[in-house]
Amino acid sequence: MSEARARLLGTATELFYAEGLHAVGVDRVIADAQVTRATLYRHFPSKDDLIVAYLTQADEAVRTRVDTARAEGADSDDIIRAVGRSIADDIQRTGFRGCAFLNAAAEYPDQRHPVHQAVLKHRQWFLETLIELFSGTGKIDPEPAARHFVMLRDGAMAAGCLTDPKPIGETFLRGIEGLLTYRSRQPAG
């Protein structure tokens, strides 16, 4: 990645996350990144392309955290807990403004739009990854458990920017423990 592209993407990431996708125009990104308009459009043909690059970078960061948890985890339960801890830690970081993907979906509700498509691609990968991890626990209900985890995460991400994030993170982690401990052990009859 060229230095100018990295600076543009870094600037856009900070601005988009802090202020919103529609609220930040390309002129602001150009000014804050200290590049020319031609430089922006050479690297990102449209603002939508810049937003998709921002979301792709966010997706890669989540994938890296999951890969790190896998590398450090002894079993699926521990990996799921580590993924949960990274989310709880994220909620408590300074400047936390919710989930970049949920925020983007709210601003771009048309499911055919490239920004919304980037959100859906990330969420599908995240759900499939959690299904795989919950399958490794040996219990019979990995898909519902994974969906429940995603719902807990979505709620924690929304609540974490509205109120004191510490109890939100603690509640989220307790919910994960509940999923790992109290899930179905017998098929429904």
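Note that CG of L152 is 10.0 Å distant from OG1 of T171, once rounded to the nearest 0.5 Å. Note: D154 CG to I87 CD1 = 9.5 Å, rounded to the nearest 0.5 Å. With rounding to the nearest 0.5 Å, the separation of CD in Q34 from CZ in R7 is 6.5 Å. Remark: F149 CZ to T129 OG1 distance equals 11.0 Å, nearest 0.5 Å. Within the model, atoms CZ of F96 and CG of D89 stand 11.5 Å from one another, a figure rounded to the nearest 0.5 Å. L50 CG to L55 CG: the interatomic distance, rounded to the nearest 0.5 Å, is 10.0 Å.
Side-chain heavy atoms closer than 4.5 Å link hydrophobic residues (I, L, V, M, F, W, Y) into clusters, and following such links, possibly through other members, connects V150 to W125.
Between the T68 side chain and the T64 main chain, a donor and an acceptor come within less than 3.5 Å of each other. Proximity of a side-chain donor or acceptor of D141 to a complementary backbone N or O of P144 within less than 3.5 Å is not detected. A donor-acceptor pair under 3.5 Å is formed between the side chain of Y17 and the backbone N or O of R97. Checked by atom type and distance alone, the side chain of T11 never pairs as donor or acceptor with a backbone atom of L8 at under 3.5 Å. Of the possible donor and acceptor atoms, one in the side chain of S86 sits under 3.5 Å from a partner among the backbone N and O of V83.
What you find for I168 and A156 is that their closest heavy atoms are CG2-O, 3.4 Å. Shortest non-hydrogen contact noted between G98 and C161 is N-CB, 3.8 Å. Nearest heavy atom pair, residue R85 against residue L173, reads N-CD2, 3.7 Å. Contact detail for L179 and A145: the closest heavy-atom pair is CD1-O, 3.8 Å. Looking at every heavy atom in both residues, H43 comes nearest to S2 through CE1-OG, 3.1 Å. Taking each heavy atom of G20 and E107 in turn, the nearest pair found is CA-OE2, 3.4 Å.
Using bins of under 30°, 30° to 60° and over 60° for the plane-to-plane angle, the ring pair H122/F126 lands in the parallel bin.
Residues H113 and Y108 place their aromatic rings such that the two centres sit under 6.0 Å apart. Ring centers of Y54 and F44: at least 6.0 Å apart, outside the cut-off.
Side-chain contact between R123 and L102 is present, with at least one heavy-atom pair separated by less than 4.5 Å. For the pair D90 and R93, the minimum side-chain heavy-atom distance is below 4.5 Å. Contact check for L40 versus T36: no side-chain heavy atoms found under the 4.5 Å cut-off. D59 has its side chain out of reach of Q57: every pair of non-hydrogen atoms, C-beta onward, lies at least 4.5 Å apart. The shortest side-chain heavy-atom distance between L180 and F134 falls under the 4.5 Å cut-off. Between D32 and E14 the shortest side-chain heavy-atom distance does not fall below 4.5 Å.
Ion pairing of D67 with R63 is absent here, as no side-chain N (NZ or NE/NH1/NH2) approaches a carboxylate O to less than 4.0 Å. The pair K166-D164 does not meet the salt-bridge criterion, since no charged nitrogen lies less than 4.0 angstrom from a carboxylate oxygen.
Take R153 and apply the side-chain hydrogen bond (donor to acceptor under 3.5 Å, both in side chains) test, not counting sequence neighbours, and it matches no residue. In this structure, the side-chain hydrogen bond (donor to acceptor under 3.5 Å, both in side chains) partners of E132, at least two apart in sequence or on a different chain, are R70.
Under a cut-off of 6.0 angstrom, the local environment of CD in E177 is crowded, with over 12 non-hydrogen atoms contributed by other residues, nucleotides or ligands. Heavy-atom neighbours of K121 NZ from other residues, nucleotides or ligands within 6.0 Å: at or below the threshold of 12.
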**Report entry** Residue pair E143, R147: steps toward the salt bridge (charged side-chain N to carboxylate O under 4.0 Å, His left out) verdict
**Finding:** CA-CA 6 Å; E143 187 169 342; R147 289 188 187 286; 2.9 Å; yes
Query - Residue pair I80, T137: steps toward the side chain to side chain contact (heavy atoms under 4.5 Å, CB included) verdict - result: CA-CA 10 Å; I80 292 166; T137 67; 4.0 Å; yes
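Residues D49 and S46 have side chains that bring a donor and an acceptor to within less than 3.5 angstrom of each other.
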